[in-house]
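Here is the naming used below: chain letters follow the sequence lines, and residue numbers restart at 1 for every chain. Bear in mind the structure is a predicted one, so any value in this text is a computation, not a measurement.
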There are 2 protein chains.
Amino acid sequence: MCFTIKEPEVDDEVTGEREAYMASVLARYRRSLIERTKHHLGYPYNLDFDYGALAQLQHFSINNLGDPFIESNYGVHSRQFEVGVLDWFARLWELEKNEYWGYITNCGTEGNLHGILVGREVFPDGILYASKESHYSVFKAARMYRMECAKVDTLISGEIDCIDFKAKLLQNKERPAVINVNIGTTVKGAVDDLDMVIQTLEENGFKGRFYIHCDGALFGLMMPFVKRAPKVTFKKPIGSVSVSGHKFVGCPMPCGVQITRLKHINVLSSNVEYLASRDATIMGSRNGHAPIFLWYTLNRKGYRGFQKEVQKCLRNAHYLKDRLREAGIGVMLNELSSTVVFERPKDEEFVRRWQLACEGNIAHVVVMPNVNIDKLDSFLEELSQKRSCWYQDGKMSPPCMAADIGQENCFCVLHKK
Amino acid sequence: MCFTIKEPEVDDEVTGEREAYMASVLARYRRSLIERTKHHLGYPYNLDFDYGALAQLQHFSINNLGDPFIESNYGVHSRQFEVGVLDWFARLWELEKNEYWGYITNCGTEGNLHGILVGREVFPDGILYASKESHYSVFKAARMYRMECAKVDTLISGEIDCIDFKAKLLQNKERPAVINVNIGTTVKGAVDDLDMVIQTLEENGFKGRFYIHCDGALFGLMMPFVKRAPKVTFKKPIGSVSVSGHKFVGCPMPCGVQITRLKHINVLSSNVEYLASRDATIMGSRNGHAPIFLWYTLNRKGYRGFQKEVQKCLRNAHYLKDRLREAGIGVMLNELSSTVVFERPKDEEFVRRWQLACEGNIAHVVVMPNVNIDKLDSFLEELSQKRSCWYQDGKMSPPCMAADIGQENCFCVLHKK
């Protein structure tokens with residue numbers, strides 16, 4: 001489906017037909033957005049926000065060219081908001097104001113591209129290590145940057161398997177390591193054990209010869225508010241952390257936050273007089289609205305507000321898990337995570353209706369602040385109704401997920417107790 | 001300057017202080033945006049747009065994940081607008097619907113990163129050739145992608161010097177060529193002679209062994225509407241064209257359009273089941289609002305509307321050039337261009353006030369649709385007033401620009417007739 005662009009007729013301004021056509025397309029589109037927003041469960045986007053107070057800013061072409069910390073001649077920017085947001089995140093991840101550098105990116109992928117590029121510039125000969133459940137942008141980066149890449153096995157939970165990591169490291173003892181650590185994998189919401197990754201590196205002769213990028217796309221902003229969660233902090237020997245802004249915070253368009261150590265950035269940057277600004281970002285021109293959206297939400301909610309929302313999400317994720325299990329559906333929920341993994345629904349229409357993300361035999365729901373009990377209930381009801389149709393005649397049975405989420409979580413014919 | 005984020009007080013909701021503080025920051029910021037938008041001349045952004053009809057869409061998290069032509073499970077997208085916009089551009093650059101691929105990027109830099117990456121994947125052993133006046137993102141791409149890069153000399157106009165290009169080609173006859181062709185350089189608005197670039201390649205044994213990316217950041221969208229302008233078209237052996245959306249069209253945030261040949265994309269893409277979509281873009285998550293802004297303006301203005309605006313810009317650029325010359329100020333304006341290059345004002349405060357882009361001894365004004373005669377007059381008046389102060393005592397004199405824009409355009413003490 002495509003809304004074709006048509007050349008205006010000469011008399012369009014008189015008849016008003018063009019305006020009417022466009023208004024009708026937009027009205028229909030808006031209705032579909034409302035419906036699609038209502039039935040959304042699979043992607044980790046917080047769809048619950050109200051930026052009405054910022055609507056006035058849409059009239060301006062706000063562009064943060066180049067480095068957030070160096071003034072450019074272009075005056076219509078939002079650097080003052082961007083730096084405010086960056087300071088907040090640097091504080092969250094415990095890096096001093098005069099020791100960090102960062103910027104607001106266009107999305108989680110840009111954060112990963114940036115972090116891995118910094119790692120490569122610090123260790124040009126480095127090999128990229130990432131668990132096979134890492135986001136696909138990590139492997140894209142390896143290809144773009146012409147880096148050798150070693151895929152590391154994962155545990156059933158989705159975490160990196162440090163025994164395999166060690167084995168892979170020992171195959172390339174002479175070359176430095178650039179490591180992507182997942183703070184919440186895309187599919188299972190698994191958190192790699194950062195401390196064990198560091199320990200593995202140091203115990204195997206890599207001390208001072210590694211760079212760790214933490215891909216915190218979703219959980220990078222949730223974990224700090226979970227009691228007992230292992231800490232992502234620059235007090236540990238990590239090089240960069242990225243997190244998405246449109247995920248837990250919620251934002252009309254994708255965006256992200258990238259924080260790294262200032263000392264690494266000098267490796268990357270080169271002076272570009274045109275902008276009156278050095279350029280250590282991936283994109284030169286950057287969306288100036290995104291930092292204002294983030295600034296607005298961080299200011300309104302604060303640490304306490306996020307903590308409350310994180311707790312609510314974890315609670316609701318447990319509710320969903322319990323209800324699925326009660327209904328005899330195989331399910332897994334990692335500790336510290338709000339990503340509920342369960343059997344892939346048989347019907348693609350159902351998958352599309354609820355916009356579930358699927359891989360092989362599994363699907364997931366990511367419980368975000370806008371996903372409340374009511375929404376989960378109506379999803380559960382529909383699922384169990386559909387399921388009784390799919391599997392009623394006994395010819396078909398639910399798929400086995402033991403390989404994906406473990407025997408103890410699988411309720412297929414073979415593994416049902 | 002930075003707007004710090006403060007933790008909300010417990011009683012904030014009662015006192016309303018937080019809301020009041022944020023509202024006051026935003027109101028002050030809005031005033032500064034109005035002032036800065038008024039005094040803007042140096043960057044090629046059309047600041048004149050009215051997207052009031054689209055304000056309603058800001059409530060939605062619109063994300064075009066992955067490939068624009070393959071449906072993803074995430075339903076809150078704007079692919080139907082994106083494809084409409086892409087079709088329009090493919091038609092403009094004469095590539096058949098079933099032979100093109102493209103997407104809406106985050107900015108001109110992403111277009112260049114993409115085009116050059118496609119070129120490298122088509123010719124993994126290729127050397128990147130680009131004139132030294134190419135946008136800095138081209139050289140950034142070379143570094144990111146670990147490509148060998150040959151910087152080619154330019155003529156005084158800013159165009160690529162095909163004699164030097166030939167010499168550089170002959171130094172590496174055995175390796176294929178990936179070429180960045182500028183459709184409007186950043187500083188001088190110079191248009192590389194595409195036909196001569198192709199001829200140089202073919203005459204020197206590179207037939208079938210080159211990939212041309214056209215960086216049409218600004219002029220890519222203006223040239224098609226200028227009579228007698230050489231044509232950028234896929235009927236010539238080019239691989240990709242990129243153009244910015246926030247420049248001539250005008251958009252609240254940076255964005256761009258990337259069009260390439262479908263056959264090249266298969267080289268780049270790899271299947272990623274998670275998105276139910278292949279991924280041949282640089283960024284995986286993409287701003288879904290930008291395509292709607294572009295769609296809206298293209299539909300309203302059409303070819304005819306753009307043509308009118310382009311003519312107005314060229315007319316006003318000539319006006320500015322003539323007035324500067326009358327005032328005894330050295331100035332250059334390339335044919336087909338609305339970028340007026342002149343002496344760098346002595347005072348940095350003046351440069352910042354009018355947000356001029358400068359390099360060495362030269363500055364420029366890019367005459368965009370929002371830059372009318374009134375604005376130019378008030379700029380000219382202020383400039384000549386300031387200038388009479390800067391140079392009144394005769395101790396200082398305006399800088400020589402002969403090396404930048406040619407003796408015949410320079411009015412310094414030495415070259416003044």
Steps toward salt bridge (charged side-chain N to carboxylate O under 4.0 Å, His left out) verdict (Glu121(B), Arg143(A)) = CA-CA 10 Å; Glu121(B) 296 295 290; Arg143(A) 184 167 169 180; 2.9 Å; yes
[X] side-chain N/O to [Y] backbone N/O, donor-acceptor pair under 3.5 Å:
X	Y	value
Asn73(A)	Leu356(B)	yes
His289(B)	Pro252(A)	yes
Arg36(A)	Val76(B)	no
Glu7(A)	Tyr303(B)	yes
Gln355(A)	Gly75(B)	yes

With respect to chain B, which residue among [options] yields the maximal number of heavy-atom pairs within a distance under 4.5 Å?
options	value
Asn106(A), Ile34(A), Val83(A)	Asn106(A)
Ser244(A), Gly302(A), Pro254(A)	Pro254(A)
Arg120(A), Met253(A), Arg353(A)	Arg120(A)
Phe139(A), Tyr21(A), Phe293(A)	Phe293(A)

Heavy atoms only: give me the nearest [X]-[Y] pair and the separation to one decimal.
X	Y	answer
Tyr43(B)	Tyr74(A)	CE1-N, 3.6 Å
Lys140(A)	Ile282(B)	NZ-O, 2.8 Å
Phe3(B)	Trp295(A)	O-NE1, 3.0 Å

Report which part of [X] has an atom under 4.5 Å of a heavy atom belonging to chain A: side chain, backbone, both, or neither.
X	value
Tyr145(B)	both
His77(B)	backbone
Leu113(B)	side chain
Ser137(B)	neither

key: Residue pairs passing the salt bridge (Lys or Arg N to Asp or Glu O under 4.0 Å) test where at least one lies in residues 286-302 of chain A, sequence neighbours excluded   = Glu82(A)-Arg286(A), Arg300(A)-Glu19(B), Lys301(A)-Glu309(A)
message = Checking Phe69(B) against Cys2(A) for the side chain to side chain contact (heavy atoms under 4.5 Å, CB included) test, could you report, in this order, the C-alpha distance in whole Å, the side-chain angles of both residues, the deciding distance, and whether it holds?
response = CA-CA 10 Å; Phe69(B) 299 95; Cys2(A) 153; over 6 Å; no
Which bit of [X] is near chain B, if near means a heavy-atom gap under 4.5 Å: side chain, backbone, both or neither?
X	answer
Pro124(A)	both
Leu33(A)	both
Arg18(A)	side chain
Thr281(A)	both

How many angstroms lie between atom [atom1] of [X] and atom [atom2] of [Y], to the nearest 0.5 angstrom?
X	Y	atom1	atom2	answer
Thr4(A)	Trp88(B)	OG1	CH2	14.0 Å
Cys107(A)	Asn287(B)	SG	CG	10.5 Å
Ser72(A)	Arg352(B)	OG	CZ	11.0 Å
Ile5(B)	Asn299(A)	CD1	CG	5.5 Å

task = Assess whether side chain to side chain contact (heavy atoms under 4.5 Å, CB included) is satisfied between Tyr29(B) and Ser78(A), documenting all intermediate values.
result = CA-CA 9 Å; Tyr29(B) 178 60; Ser78(A) 66; 3.2 Å; yes
request  = Side-chain contact test, heavy atoms from C-beta onward, threshold under 4.5 Å: evaluate it for Asn63(A) versus His246(B) and give yes or no.
outcome  = yes
request  = Evaluate the side-chain proximity of Met1(B) to Arg79(A): yes if any heavy-atom separation is below 4.5 Å, no if none is.
outcome  = no
query = Hey, mind stepping through Leu26(A) and Phe81(B) against side chain to side chain contact (heavy atoms under 4.5 Å, CB included) and telling me if it holds?
reply = CA-CA 10 Å; Leu26(A) 289 170; Phe81(B) 293 91; 4.2 Å; yes
ask   = Is it the case that more than 12 heavy atoms not belonging to Glu35(A) sit under 6.0 Å from its CD atom?
value = yes
key: Verdict with reasoning, Arg146(A) to Met144(B), per side chain to side chain contact (heavy atoms under 4.5 Å, CB included)   = CA-CA 9 Å; Arg146(A) 292 185 156 167; Met144(B) 276 172 70; over 6 Å; no
Please list, one pair per line, the donor and acceptor atoms closer than 3.5 Å that link side chains of residues 52-62 of chain A to other protein atoms, with sequence neighbours excluded.
unit_1	atom_1	unit_2	atom_2	d
Gln56(A)	OE1	Arg30(B)	NE	3.3
Gln56(A)	NE2	Ala53(A)	O	3.0
Gln58(A)	NE2	Tyr51(B)	O	3.0
Ser61(A)	OG	Cys251(B)	O	3.3

